[in-house]
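Presented below is the structure to which this report refers.
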Amino acid sequence: MTSKDQIDLFNLAEVVTPAPSADFNPDLIPTSAKVPIPPGTYSSMDEMKVHCNQCQRCDLGATRTHAVVSRGSIDAPIMIVGEGPGQNEDETGIPFVGKAGQLLDKILDAVQLTEADVFICNIVKCRPPGNRTPTTDEMEACRPYLLEQIRMVDPKIILLTGASSVKGLTGDKRGITKIRGEWLEWDNRLCMPIFHPAYLLRNPSKEKGSPKWLMWQDIQKVRAKLDEIRAQG
Ligand code: URA
């Protein structure tokens, strides 16, 4: 191996687009939102990633650099669902790698949650231009991918970061300050709305009652629930 090859091994910015599996049917690549994606379509996240990178179910397909599918563990007990990729995520194909993602990692680390404990994804897999909020149509077009991710990971707990994530998955349109920190049930699954880390970056106070302080209460609740679930076996 040359020294250049060795250096390339550490090139984390390089994005590897997975090769399709042998039984992969390219005719099923969704070219519009009219192409159905029935439950059970994908047997791995890599297989789904191939489709997402060619997907034209909504207009976001025209402007993305990379579809942003997931990071973390497929066996994770906790799934974290963001709103949509930003610029850093669009460039790398990996969710939550920018400033908000770094804060999210710190929050998880504070309650000893590692990449083995979490699976991180977004409501929409492609970056909305200028980081605008994804439209209802975009969220709807992308929803089958999210449902497939939930089916494959089968998480015990789903954390929904911010109002768009809550609306995108559950349809609940209430403001995040109203519903954060409370468990809710969706499709027989335990979900908790929490603040989006980008909101915490804009509100740095740690005073009692501040968004950061509330997030600390919420994430400790999540940690306690996971411990409780694990103790039940
Ligand atoms: N914000 C999100 O909601 N998702 C990301 O992946 C990055 C920033």
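Order of appearance sets the numbers: ligands from 1, and atoms from 1 within every ligand.
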Applying salt bridge (Lys or Arg N to Asp or Glu O under 4.0 Å), which residue pairs with at least one partner in residues 216-233 are found, sequence neighbours left out?
-> Asp117-Arg230, Arg180-Asp218, Arg223-Asp227, Lys225-Glu228
Would you kindly say whether Thr136 and Lys167 are connected by a side-chain donor-acceptor distance under 3.5 Å?
-> yes
Does the pair Arg151/Asp187 count as a salt bridge with the N-to-O cut at 4.0 Å?
-> no
For ligand 1, list the protein residues that place a heavy atom within a distance below 4.0 Å of one of its atoms, sorted by chain and number.
-> Gly82, Glu83, Gly84, Glu89, Pro95, Phe96, Asn122, His196
Should the pair Arg127-Glu89 be classified as a salt bridge under the 4.0 Å nitrogen-to-oxygen rule?
-> no
Only counting residues at least two apart or in another chain, list the ones meeting ring-ring contact (aromatic ring centres under 6.0 Å, His included) with Phe96.
-> His196
For residues 92-104, the salt bridge (Lys or Arg N to Asp or Glu O under 4.0 Å) pairs (sequence neighbours left out) are none
